[in-house]
Amino acid sequence: MGHLAAPLDELIAEYGPHLQQEPPGGFAARGAPERKVQTHCCFCGQQCGVTLLVKNEQVVGVEPWEEFPFNQGKLCPKGVKRYLQNNHPDRLRTPLVRSDKGFARISWDEALDQVAERFQRLQARHGRDSVAVLSGASLTNEKAYLMGKFARVALGTRNIDYNGRLCMVAAGAANLKAFGIDRAANPWADIANTDLILVTGSNVSECSPITVDYIWRARDRGAKLIVIDPRLTPIARTADLYLPVRPGRDSALMNAILHAVIRLGGIDQDFIGAHTHGFDAVRDTVARYSPETVECLVGIPAHRITQAATMWTQAPRTMLLHARGIEHHTKGVENVLSCINLVLATGKIGKPGCGYATITGQGNGQGAREHGQRCNQLPGARDIENPEHRRHIAEFWGIPEPELPGKGATAPEIIEMAQRQDIRGLLLLCFNPLVSLPDAAFTRAALERLDCFVAIDFFMSETARHADLILPGSLHEEDEGTVTSTEGRVIRIRQAVEPPGEARRDWQIICDLARRLGKGEYFDFDSPRAIFDELRRASRGGTADYSGISYEKIEQQMGVFWPCPTAEHPGTPRLFEGGRFSHPDGRARFHAVDYRPPAEDINEEYPILLTTGRVVSQFLSGTQTRRIGPLVAQCPEPRAEMHPRLAAQLGVTEGALVRVVSRRGDVTLPALVVATIRPDTIFIPYHWPGEQSANRLTQRAYDPIAKIPEFKVSAVRVERVVA
Ligand code: SF4
């Protein structure tokens, strides 16, 4: 993208030691590495294979891992520079406690004793649920499993959730409703072998760059490409058909495409009859959404909608891909279901080169939502409200079923409960809600009301600055484990170096805390492998069945796709082959979706739609990537991206400061004037904190089922800043 790079010396002056730079001459100047470790990138859900170069017990560089089948050595800018996070001067190395004079060093024993005592005191006074746990979707499967067990068995609280609540949950809920399982239906190899790719709500070139390689391979074979997005993203510029949907109107558009497909005779009645339930209600609903009826609503001429339907109907094999662009909405689940309706109605799923996937965002966006760190879930993707599932896991953990807490609050609800002081204590692991949750001013106020706030992290995130105690945990390369990539492929994370200073591995910290809480017998783990062994046994018989997966099998097969229920089972790269879905009767479910407007729409006072998202050089709340010099140089600050027509109305030129105002707050940023965005919409990336935070503007409005925030639609006004 066309973000301007500020002079590097200015940046260094601004950030001081917080920017890790490459040595002169690049990492090659450091000489030959002492060893090479094949592992995976620590950032997005693609989980590209990388080779880390280690010298003097530090990660000093990176090389391609060409044999790993997913990315075959290719990396995006973040993967190439990720090695610079290791040995970073900002790395937390000792436990810290807040005092009147700021943070002070404290021993591990004192820190852990304090955490246990303070949480126990709060629970004795305010009840067990008054202490909550918030964890991350970049954690390994082992840690995700451990956090769920720790919250429910060691703390005995129902209130545990994770930051995938801001990322994957709308897709997950819709997948579960429609298919009975929450996983990408196809391996990425199917993208390369299809005839038409429909990408909706995904800036794949910046957010999941290696997926673009699969799209190019399909294009080289002659596949067509349709892109639906309010911004003419890099991938949209290459599309055969681009549909610039107005933010918040996705389900109306998808209903109209299905309407046109039905009109064209493109539905697969045999597939619908044999493998699904509920099509009649969908057909009746979409009958009201002709392209001509919705064209003004969605901002796309009717003939273009019909063209999309024609292309979909004519392609023998199709792949529909989506991501946060349709999921970050108060109707995120409905948007995803409207996509699934199109796929099911045309029978285009469960075959080679033909299917559907949601592209995960966070590093373990898939696995972290399967092993029990969600408020409504137990290991194996079991339902915490299902009596049979509860009995199974309680028995497996060796606790009476009534002692297993029930469904708790979601991550945004936990912050709201903290603000009301219904939650008094919080344990946070690798989550930066002050930057990533909507309405940042509210989040800050809520954190300040906590009686005891403990953060485990490797860098001092903006949120950790508000903690009473900070425990230095481990970076990706400082521990072992597994993650599950966007494809549903379980892969190995290998340790390259030891945690520095007094920093400890996250799982060791959690097990130590459990012992101090008097529950050590349930957390007698001596390695991630031991945790994985318990995890896979706990998952047996669940939807996300990992019981046939071992570290050795992952090594041999370069990853294993779940479900994998026995040691002999090869894993399941493609789901739903033969039209058998994961509901008990084997049939998929249609869900009729009626369009609902966004929670907040434009009016005279706030006439512009704001949508937020990512840039290629930064990742999520930026805790890591904002500390890596070459990545910051690529995109040093957020900019308010707007169409030249809007810029002209405002009297604004490229680089001029604009003030963007919503009902929650305001930010002042330079304008980025581009013809690649709808004139009624502005875009701001959300990776920055404080005065530059896009989430000062966004709203606390959530999908009623998934509780994902509506990051993609806020009403704002834009003002020129007069010097
Ligand atoms: S950020 Fe994602 S696409 Fe980029 S190298 Fe890492 S895993 Fe691959």
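Quick caveat: nothing in here was measured; it's all calculated off a predicted structure. Counting convention: from 1, in listed order, for ligands and their atoms alike.
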Exercise for the section: Could you label the plane-to-plane angle of the His40 and Phe68 rings as parallel, tilted or perpendicular, counting under 30° as parallel and over 60° as perpendicular? Expected result: perpendicular
Practice task
Kindly say whether Gly481 contributes a backbone atom to a donor-acceptor pair with the side chain of Glu142 at under 3.5 angstrom?
Solution key: no
Exercise for the section: Answer yes or no: is there a side-chain heavy-atom contact under 4.5 Å between Ile359 and His322? Expected result: no
Completion exercise
When every non-hydrogen atom of Gln38 is compared with those of Thr51, the smallest separation belongs to CG-OG1, 3.8 Å
Practice task
Take atom 4 (Fe) of ligand 1 as the centre and count protein N, O or S atoms at distances under 2.8 Å.
Solution key: 1
Handout entry: Contact partition for Gln47 relative to ligand 1, non-hydrogen atoms under 4.0 Å
Key = backbone
Problem - Glu487 with Arg574: basic N within carboxylate O range, under 4.0 Å - result: no
Handout entry: Exam field: side chain Tyr546 to backbone Phe532, donor-acceptor pair closer than 3.5 Å
Key = no
